[in-house]
Amino acid sequence: MQTSAARAASEAGPSSATMSVHELESEDCFRLVADSAPVMIWLVGPDKQFEWFNKTWLDYTGRPIESEHGAGWMAGVHSEDLERCAGIYHTSFDARERFTMDFRLRRHDGSYRWLMATGVPRVSADGDFHGYTGSCVDIHERKELEERLAERARALRLADRQKNEFLAMLAHDLRNPLGPITNVVALMQRMESDTPAVAPLRRIIERQLDQLKRVIADMRDVTRVTQTRPELHCENVTVAEIVQRSVEATQGLFDSRGHRLHIEGADQAITVWGDAARLSQALEHLLANAAKFTTTPGVVDLRVELRGPSVELRVVDRGQGIAPDFLPHVFEAFAQENRATPRTSGGLGVGLTIAKRLAELHGGDVHAASEGTGHGAQFVLSLPVRDA
């Protein structure tokens with residue numbers, strides 16, 4: 001028994017009948033497969049009107065196919081997504097381009113769930129455009145997870161900004177009493193000739209005052225270099241000058257701990273382009289870090305090496321070393337490695353963060369390496385060399 005489509009095709013002639021029967025069988029096969037698919041499938045004609053939806057779509061919406069034909073399916077789209085979806089659909093259709101979009105569609109139980117729709121143009125071998133074939137998959141759980149992660153990221157950014165604002169305010173407020181305390185220390189020093197007992201007290205206050213100044217400076221600097229781009233006064237700077245300034249700034253720390261600083265290659269005629277004060281500050285933090293984590297009086301090496309277009313300032317210590325699991329985090333602000341021994345190095349754990357950021361602002365970087373706890377560490381400050 002012939003179907004009406006097959007009978008009509010046979011009346012048109014043998015070749016047309018064969019083609020129509022094949023098309024009919026192909027369409028029936030497609031719909032059978034599509035109705036069995038776990039995803040929603042739809043067809044659109046060249047007039048932009050939706051012609052067919054598979055059983056998965058109809059089961060999802062709970063609506064008959066007659067209600068979905070044309071643009072009827074859009075009655076189930078969430079009102080907040082409707083205009084955006086229509087814009088993407090019409091723009092892509094007019095350009096005959098593939099499209100993907102996310103939107104919320106009302107389910108048979110009245111709830112809205114996120115779907116991802118993909119539409120692909122149907123073009124025959126001779127180039128004729130026949131509309132679109134599309135599919136929709138449920139991505140509701142993924143979308144909710146993305147929204148939770150985005151909210152978490154916003155909360156973390158807010159907390160980070162509030163932390164930095166607090167540090168900046170705290171650093172400012174702590175600087176206010178430093179002036180009077182410094183003046184008192186100076187007065188105590190003048191009193192030592194008449195009252196010798198004042199001298200040891202003055203030295204204690206002076207040491208703690210210096211420590212407090214360093215902590216406040218670190219608090220101020222870490223907020224500046226990580227949250228904003230500090231103003232740089234760039235010029236041609238020799239590596240020898242950078243080394244000299246940073247060594248002078250940390251010599252007191254090395255002397256107080258009984259360490260010796262061994263310098264190699266600093267006399268080479270190497271020039272970089274940058275802010276001399278900031279570059280010296282970066283190297284100063286690396287040297288101070290090496291001095292702090294060398295527990296017994298020892299030697300810290302500072303080697304200057306020219307490597308192609310860059311110069312490397314390598315700081316090597318034989319101190320506590322860095323555990324493998326902490327090594328990837330050494331440049332994170334306020335990161336402190338958990339150790340069984342009491343923490344005696346002082347500081348906020350921001351020196352390496354500041355050094356790396358300052359190097360990056362100059363087109364360079366800082367890298368860390370260590371063979372593990374007890375095997376020392378090395379930090380390499382690399383900077384692009386200034387062409388003659």
Side-chain angles (χ1 to χ4, degrees), residues 164 214 217-251 253-254 261-293 300-317 319 322 326-335 347-371 376-388:
N164 285 296
R214 285 194 296 270
D218 285 348
M219 291 169 61
R220 183 184 66 249
D221 287 342
V222 74
T223 55
R224 285 180 178 176
V225 303
T226 59
Q227 299 301 310
T228 61
R229 186 181 180 89
E231 184 178 357
L232 300 177
H233 303 283
C234 293
E235 58 184 349
N236 284 320
V237 184
T238 63
V239 172
E241 179 183 351
I242 297 171
V243 171
Q244 180 183 357
R245 294 177 65 158
S246 59
V247 169
E248 290 175 353
T250 55
Q251 192 63 57
L253 179 61
F254 275 83
L261 180 60
H262 179 250
I263 304 174
E264 294 180 8
D267 55 350
Q268 301 179 68
I270 303 174
T271 302
V272 297
W273 179 255
D275 187 317
R278 290 297 191 177
L279 291 175
S280 301
Q281 182 184 7
L283 182 57
E284 177 186 335
H285 280 298
L286 300 185
L287 291 173
N289 184 77
K292 290 176 182 178
F293 289 100
V300 174
D301 293 324
L302 171 57
R303 304 168 190 158
V304 179
E305 302 170 353
L306 186 61
R307 295 186 179 273
S310 300
V311 58
E312 293 184 351
L313 291 82
R314 189 179 305 269
V315 178
V316 182
D317 68 68
I322 306 170
F326 183 72
L327 189 59
H329 306 285
V330 293
F331 295 108
E332 296 176 4
F334 309 104
L348 298 174
V350 298
L352 296 178
T353 306
I354 296 171
K356 187 175 181 66
R357 177 59 177 154
L358 290 175
E360 292 171 345
L361 290 173
H362 287 83
D365 204 352
V366 178
H367 300 282
S370 176
E371 295 183 1
Q378 61 175 306
F379 290 85
V380 182
L381 167 62
S382 60
L383 297 168
V385 174
R386 179 73 164 176
D387 292 336

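For the pair D275 (side chain) and H233 (backbone), a donor-acceptor distance under 3.5 Å is present. Using modelled atom types, no side-chain atom of E284 and backbone atom of A249 make a donor-acceptor pair closer than 3.5 Å. Put simply, the side chain of D317 never gets that close to the backbone of V300: no donor and acceptor are under 3.5 Å apart. Checked by atom type and distance alone, the side chain of T271 never pairs as donor or acceptor with a backbone atom of T238 at under 3.5 Å.
In terms of heavy-atom proximity, R245 sits nearest to A276 at NH1-CB, 3.5 Å. Of all heavy-atom pairs between S370 and G376, the closest is OG-O, 2.7 Å. Summarising the geometry of F331 relative to T353, their closest heavy-atom pair is O-OG1, 2.9 Å, with the distance given to 0.1 Å. What you find for V243 and A266 is that their closest heavy atoms are CG1-CB, 4.1 Å. Heavy atoms only, all atoms of each residue included: T250 and A288 are closest at CG2-N, 4.2 Å. The two residues S246 and S280 make their nearest non-hydrogen contact at CB-O, 3.5 Å.
Separation of atoms CZ (F379) and NE2 (H367) is listed at 12.0 Å; rounding is to 0.5 Å. In this structure, NE2 on H285 lies 12.0 Å from CG on L381, to the nearest 0.5 angstrom. A distance of 11.0 Å separates CZ of R357 from CZ of R278, quoted to the nearest 0.5 Å.
Considering only heavy atoms from C-beta on, Q281 comes within 4.5 Å of I354 through its side chain. Counting heavy atoms from C-beta outward, L352 and L286 have side chains that approach closer than 4.5 Å. By the 4.5 Å heavy-atom criterion applied to side chains, I242 and V272 are counted as neighbours. Inter-residue side-chain proximity for F254 and L287 is flagged as met; some heavy-atom pair is nearer than 4.5 Å. By the 4.5 Å heavy-atom criterion applied to side chains, R303 and V316 are counted as neighbours. Looking only at side-chain heavy atoms (C-beta outward), V315 and N289 stay at 4.5 Å or farther from each other. The side-chain heavy atoms of D365 and K356, taken from C-beta on, include a pair separated by under 4.5 Å.
Annotation for E371: atom CD does not count as buried by contact number, only 12 or fewer foreign heavy atoms lying within 6.0 Å.
For R314, the salt bridge (charged side-chain N to carboxylate O under 4.0 Å, His left out) partners two or more places apart in sequence, or in a different chain, are E305, E312.
A side chain to side chain contact (heavy atoms under 4.5 Å, CB included) with C234 is found for one member of L232, V237, N236 and no other, namely L232.
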Would you sort out whether V304 and Q268 count as a side chain to side chain contact (heavy atoms under 4.5 Å, CB included), showing the intermediate values?
CA-CA 8 Å; V304 179; Q268 301 179 68; 4.2 Å; yes

